[in-house]
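Please read all numbers here as calculations on a predicted model, not as lab measurements.
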Amino acid sequence: MSPKINKTVLMSGANYFDDQAAINPFMNTSVPINRAKAQVEHDSIRAALEQAGVKVLKVNPPVDCQDGVYTANWALVRGDRAVLSTLPDVREAEEPYAEHILQDLGKQVFKVPDGLHFSGQGDALPCGNYLFTGTGYRTEAAAHQFLADTLGYNLISLQAVPELDETGRPVINAVSGWPDSFFYDIDLALSVIRPDLIAWCPKAFTSESQAKIRAITDLDKIEVSLEEAKRSFACNLISTGEVVIMSATAPDLKAAIEAKGLKVVTPVITELAKGGGYIRCTTLTLDN
């Protein structure tokens, strides 16, 4: 039997969920957000997690924070330590809120060096003693070593492919001023199924990063199509090591995970995706 992972997670709520500050390429301000529907989806994720044996700690979302539903971006936690995030300007109010919540949970909090961007668990996925870290969009490479030194992981630093304009040049987000990508956080391109198994979308990564992942010989790997990763948020899942809660519209990945002997649960998520987040984004793991 595989070790259980993601045994305890932190979730908030969709009370203030919106996309009017379009800080990623999935957001479309002309398409209205239905918060009631988003909350129903959020509740369905929580129910699936609890049914799978995950302990869900529920907190109120930070007031008037459009992305406060995405708790994965608040920090990266290992044991009693938490490295806090530094988020785009429109998400700044989440930072002190997350710090307060984590301190109340008994975590010793750390901050990356001044001026560095860090997107929390969204851009830093533990897999055993490996830490898959993203760079180039919401997290800077200079933050990676701080994570390794503070939390004791072996780093695998990766970069997803950028969003390009019609001339082939990288897109700079008009709201955040940061480079954009449909895989702006690494949890949109890679997921940890078990400590010995990952799922990843090769076409979501630069050739150098693809080579790094392929060179890891002690992990089993499932390859995910670009279509399922980008259109269906297939990689943005959460696994207990035995049960996987994932997209309802990624049949190829679902079949591949089931072939590895895991149970798959597929809540239908459409509204939360309008914010560029999905199932993994709504949960911050507290027990890595």
Please say yes or no: joined through hydrophobic side-chain contacts below 4.5 Å, possibly via intermediate residues, are Val112 and Leu131 part of one cluster?
yes
Should Val224 and Ile198 be counted in the same cluster of Ile, Leu, Val, Met, Phe, Trp and Tyr side chains packed under 4.5 Å apart?
no
Distance-only polar pair, side chains of His144 and Thr133, donor-acceptor under 3.5 Å:
yes
Heavy-atom check, side chain of Trp178 versus side chain of Tyr137, under 4.5 Å
no
List, by chain and number, the other hydrophobic cluster members for Val40, where Ile, Leu, Val, Met, Phe, Trp and Tyr join if side-chain heavy atoms come within less than 4.5 Å, directly or indirectly.
none
Quick one: OG1 on Thr150 to CD on Gln108, what's the gap to the nearest 0.5 Å?
9.5 Å
Could you tell me whether the side chain of Glu163 and the main chain of Pro25 form a donor-acceptor pair under 3.5 Å?
no
Considering non-hydrogen atoms only, spot the tightest contact between Glu242 and Lys4 and give its length.
OE1-CE, 3.1 Å
Less than 6.0 Å separating the ring centroids of Trp74 and Tyr97?
yes
Lys212 atom NZ, over 12 foreign heavy atoms within 6.0 Å:
yes
What pairs with Asp220 under salt bridge (Lys or Arg N to Asp or Glu O under 4.0 Å), at least two apart in sequence or on another chain?
Lys260
With sequence neighbours left out, write down each residue that passes side chain to side chain donor-acceptor pair (under 3.5 Å) with Thr270, or none if nothing qualifies.
Lys37, Glu41
Closest contact, heavy atoms only, Asp287 versus Lys7
OD2-CB, 2.7 Å
Please enumerate all residues that pass side-chain contact (heavy atoms from CB on, under 4.5 Å) together with Asp165, with sequence neighbours excluded.
Thr167, Arg169, Val171
When hydrophobic residues are tied together by side-chain contacts of less than 4.5 Å, even through go-betweens, does Trp200 share a cluster with Leu188?
no
Step by step, would you call Asp104 with His100 a side chain to side chain contact (heavy atoms under 4.5 Å, CB included)?
CA-CA 6 Å; Asp104 281 354; His100 174 74; 3.1 Å; yes
Roughly how far, to the nearest 0.5 Å, is the CD atom of Gln159 from the CZ atom of Phe205?
10.5 Å
Sidechain-backbone polar pair: Asn236 side chain, Ile279 backbone, donor-acceptor under 3.5 Å:
yes
side-chain hydrogen bond (donor to acceptor under 3.5 Å, both in side chains), that's the test. Do Thr240 and Asn6 meet it? Break it down for me.
CA-CA 6 Å; Thr240 71; Asn6 300 309; over 6 Å; no
Asp185 and Asn73 side chains, donor-acceptor separation under 3.5 Å:
yes
Check: Leu272 and Val69 side chains under 4.5 Å, non-hydrogen atoms:
yes
State, to 0.1 Å, how close Ser191 and Cys235 come at their nearest heavy-atom pair, and which atoms those are.
CB-O, 3.0 Å
Verify the cluster assignment for Val9 and Ile186: are they in a single hydrophobic cluster under the rule of side-chain heavy atoms below 4.5 Å apart?
no
From Glu271 atom CD to Ile33 atom CD1, the distance as rounded to the nearest 0.5 Å
5.0 Å
Side chains of Glu94 and Asp67 in contact at under 4.5 Å (non-hydrogen atoms):
yes
Are the side chain of Ser209 and the backbone N or O of Leu158 linked by a donor-acceptor pair below 3.5 Å?
no
Measure the shortest side-chain to side-chain distance between Leu286 and Leu102 over non-hydrogen atoms and say whether it is less than 4.5 angstrom.
yes
Measuring from atom OG of Ser247 to atom CZ of Arg231, what distance do you get when rounded to the nearest 0.5 angstrom?
13.5 Å
CD/Gln103: more than 12 non-hydrogen atoms of other groups inside 6.0 Å:
yes
Looking only at heavy atoms, what is the nearest atom pair of Gly13 and Pro61, with distance?
O-CB, 3.5 Å
If I compare all heavy atoms of Ala52 with all of Ile245, which pair ends up nearest, and what's the gap?
CB-CD1, 4.3 Å
Using atom types as modelled and distance alone, determine if a side-chain donor or acceptor of Asp19 lies under 3.5 Å from a backbone N or O of Phe26.
no
Test item: Gln121 side-chain N/O and Thr285 main-chain N/O as donor-acceptor pair under 3.5 Å
yes
Between the main-chain N or O of His117 and the side-chain N or O of Thr139, is there a donor-acceptor pair closer than 3.5 Å?
no
Any chance you could measure Gln20, atom CD, to Met27, atom CE, to the nearest 0.5 Å?
9.5 Å
Under 3.5 Å, is there a donor-acceptor pair linking the side chains of Asp218 and Tyr130?
yes
Could you work out, with side-chain contact (heavy atoms from CB on, under 4.5 Å) as the rule, every residue matching Ala148, not counting sequence neighbours?
Gln145, Leu155
Ser119 side-chain N/O to Arg138 backbone N/O, donor-acceptor pair under 3.5 Å:
no
For the residue pair Lys107 and Ala82, what are the closest heavy atoms and their distance?
CB-CB, 4.2 Å
Under a 4.0 Å N-O cut-off, is there an ion pair linking Glu258 with Lys263?
no
Within the distance-only criterion (no hydrogens, no angle test), does the side chain of Thr266 pair as donor or acceptor with the backbone N or O of Ala248 below 3.5 angstrom?
no
Under the criterion side chain to side chain contact (heavy atoms under 4.5 Å, CB included), I'd like the reasoning laid out for Ile23 against Arg91: C-alpha separation, chi angles, the key distance, then a yes or no.
CA-CA 10 Å; Ile23 56 173; Arg91 298 191 66 176; 3.9 Å; yes
Check whether NZ of the Lys or CZ of the Arg Arg78 lies under 6.0 Å from the centre of the six-membered ring of Tyr153 and within 45 degrees of that ring's axis.
yes
Ignoring hydrogens and geometry, is there a side-chain-to-backbone donor-acceptor pair from Asp123 to Asp187 under 3.5 Å?
no
So, using salt bridge (Lys or Arg N to Asp or Glu O under 4.0 Å) as the criterion, who are the partners of Arg214 when residues are at least two apart?
Glu223
Apply the test side chain to side chain contact (heavy atoms under 4.5 Å, CB included) to residues Leu49 and Val243: give CA-CA distance (whole Å), side-chain angles for both, the deciding distance (0.1 Å), then the verdict.
CA-CA 9 Å; Leu49 288 167; Val243 180; over 6 Å; no
Please find out if less than 6.0 Å separates the ring center of Tyr278 from that of Phe233.
yes
Any Val244 side-chain heavy atom under 4.5 Å of Ile257 side chain
yes
Rounded to the nearest 0.5 Å, how far apart are SG of Cys201 and CD1 of Ile222?
13.0 Å
4.5 Å side-chain heavy-atom contact, Lys111 and Leu84
yes
Quick one, Phe17 with Tyr70, criterion side chain to side chain contact (heavy atoms under 4.5 Å, CB included). Give me CA distance, side-chain angles, the key distance, then yes/no.
CA-CA 9 Å; Phe17 175 56; Tyr70 302 130; 3.3 Å; yes
Count I, L, V, M, F, W, Y as connected when their side-chain heavy atoms are under 4.5 Å apart, and connections chain through other members. Are Leu76 and Ile101 then in the same cluster?
no
Can you check whether Ala234's main-chain N or O pairs, donor with acceptor, with Ser232's side chain at less than 3.5 Å?
no
Are any non-hydrogen side-chain atoms of Pro195 and Ile5 less than 4.5 angstrom apart?
yes
Non-hydrogen side-chain atoms of Ser12 and Thr282 separated by less than 4.5 Å:
no
